[in-house]
There are 2 protein chains.
Amino acid sequence: MSATTEHGRTRRRPPGRPRGQDSAIVRDQALRTAVDLIAHQGFAATSMAQVAEGAGISPSGLAHHFPSKRDLLTAVLAHRDAVDSDPRPPEGSAPWASFDHLVRVAGLNMGRRQIVLLYVTVTGEATQADHPAHGWMVEHFENVMQTLRSGLIADQANGDVREDAPVESIARETVALMDGLQLQWLIDPTVDMAAILAGHVDRLKAAWGTPATTS
Amino acid sequence: MSATTEHGRTRRRPPGRPRGQDSAIVRDQALRTAVDLIAHQGFAATSMAQVAEGAGISPSGLAHHFPSKRDLLTAVLAHRDAVDSDPRPPEGSAPWASFDHLVRVAGLNMGRRQIVLLYVTVTGEATQADHPAHGWMVEHFENVMQTLRSGLIADQANGDVREDAPVESIARETVALMDGLQLQWLIDPTVDMAAILAGHVDRLKAAWGTPATTS
DNA sequence: GTCTATATCTCGATAGAC
DNA sequence: GTCTATCGAGATATAGAC
C-alpha cells in the first residue's frame, strides 16, 4: 500500500538486457556445481559457500536462486531424476523388458560415475525419516519397485512368467542387487555391474520364465 | 629423574577408588553415544559436542578419551566390527556354508537396526578415497569377498560346486544383494532380508551346485 | 539480480586450573 | 581425568546498497 513514489522512477526496465546471462545460466551452473559437490562429499558435508565459489558467484548470489540449502538439494535431486530417466522401454514389449532395461541402465551408469556417486551418497544419509531427502528416497524406491512389479505381472498375464513366481521378492532383490553393485563399483571400478546384473536376470528367467518363452 | 619432591606427597593413589567410574565406563558410554549418533546422522553431520552431551560429559572431557573426531570414528568402526563378527561357520563344514552364514547374519540384523543403520550410513559417505572411513570400507569388502570366494573354491575342490561356476561374480552379487537389502529394509521394515537372501542362495545352489549334492 | 556486510551460531581443537 | 575458557575457522541466513 501507499505507492506514492515521489519522482517517477526514471530507470524502468533497461531494454535489450546487454549481457545479463539471464540468471538461468548462472542458476544452472550453480546446480551443476552442487551436484558435483554433494555427490563427492554428501549433502551434510557440502556448504553453500563451496557451491557459490564453484559456481563463480557469492554466497548471497547463490541464495537468490536457492534461498535455503534444502531448496538446493531438492533441485539437485530433480536434476538427477531427469538425467536418470533413460529411454523407457515401450509398453507391452518383450517379456522381462523392465529387467533388461535395468541391465542397460547399469551399463550406462558405468560411464557416468557422478550420477552413481550422487545416488549412493544421498541414499546413504537419507534413510532417516527426518532427512531432507528422505521423502524423495522413499518415492524413488516405490517408483522403481512399481515398474518392475507391473512388468512382471504383465508378463504373467501374457504367459511368459510362471504364475507362482514371487513377484514382490524378485523385484525387491533385483533393485537391491543393483544398489549394492553401485556401492562396490564406486570403490572398485573393475566390478562389471552390467554383466553381474545380466547374469542375475538370466537366472531369474531360467527359474521363473515359462518353458515356452525361456530363451 | 630428579624425583626430589620436597614434601612427601601425602596424596598418593587413593585406595579403593571411591566412585571413579574408572574412565573405561565413561569412555564406553561415549562410544555408544557416538555409534548411535553416527548411525542416525552420519559421520559428517555428527559433532563432538553432541556426543559429549549424550555421554553426559563436556566436550573437553570427551577430547581426553578421543583426541580427534577421527579417533572417535575409528573406535566406532572397530566396535561395529566386533559386534558384527558373529559366530563364524566352522572350517570345512557343509557346502555353501559361508552363504548360509550370510543368510543367518541377515536374519540377525533384522533385530538390530542400529548396526545396519551405522553400516549403511558410513559406507554411503566413505566411497570417496579421502573419507576417513574409506580405508576401513575397502578392507571390509575385501574381507567379506575373500570369505565367500574361499568358501566357494573349497566347495569346488570337494565336488559340491561346479567347476565352471563364476566364483567372483557369485560372491560379488551376493554381497551386493545383502547391502542393497539393508538399504531397503531401513526405509521399509517389512522387507524380509533373510527370506529374500535365502531365496537367492537357493537359486545359486540350483544353478551351480553339483547334482549329487543339490538338496 | 548480484553484490557487500553482518548477525548468529556451531564447529573441532587446545591450554591450563584443580 | 574432568573441568572452564577460548581460539580461529566456517556454517546458514538476512538486510540493504546499487
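Each chain gets a letter, A, B and so on, in the order its sequence line appears, and its residues count up from 1.
Atom-to-atom, CG of B:D71 to P of C:dG12 comes out at 13 Å; the value is rounded to the nearest Å. In this structure, A:F66 places its CZ atom 16 Å from C1' of D:dA13, rounding to the nearest Å. In this structure, NE2 of A:H64 is placed 16 Å from C1' of D:dA17, rounded to the nearest angstrom. In this structure, A:L72 atom CG and D:dT12 atom P are separated by 10 Å, rounded to whole Å. Whole-Å rounding puts the B:Q29 CD to D:dT2 C1' distance at 15 Å. Straight-line distance from the CE atom of B:M48 to the P atom of D:dT6: 21 Å, rounded to whole Å. Atom CD1 in A:I25 sits about 14 Å away from atom P in C:dG1, given to the nearest Å. Per the geometry, CD belonging to A:E53 stands 15 Å off C1' belonging to D:dA11, to the nearest Å.
Annotation: of the two residues near DNA chain D, B:I57 and A:K69, the 5′-most nearest-nucleotide partner is B:I57. Mapping A:S60 and A:A49 onto DNA chain D by nearest heavy atom places A:A49 at the nucleotide closer to the 5' end.
In this pair, B:Y119 and B:F141 present their aromatic rings tilted. The plane angle is within the 30 to 60° band. Between B:H140 and B:W136, the angle of the ring planes stays under 30°, which puts this pair in the parallel group of the 30/60° scheme.
For the OP1/OP2 pair of D:dT2 and a distance below 4.0 Å, the side-chain nitrogens and oxygens of B:S58 include no atom meeting the criterion.
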Legend entry - CA sep, side-chain torsions, deciding dist, call: B:Q29, B:H65, side chain to side chain contact (heavy atoms under 4.5 Å, CB included): CA-CA 11 Å; B:Q29 193 166 2; B:H65 297 285; over 6 Å; no
Inset, instruction - Go through the steps to decide whether B:R80 and B:V35 satisfy the test side chain to side chain contact (heavy atoms under 4.5 Å, CB included), and finish with yes or no. - result: CA-CA 8 Å; B:R80 194 215 82 96; B:V35 168; over 6 Å; no
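A donor-acceptor contact under 3.5 Å is not formed by the side chain of A:S47 with the base of D:dT12.
Of all nucleotides listed (D:dT14, C:dA13, C:dT2), D:dT14 comes nearest to the side chain of A:A63.
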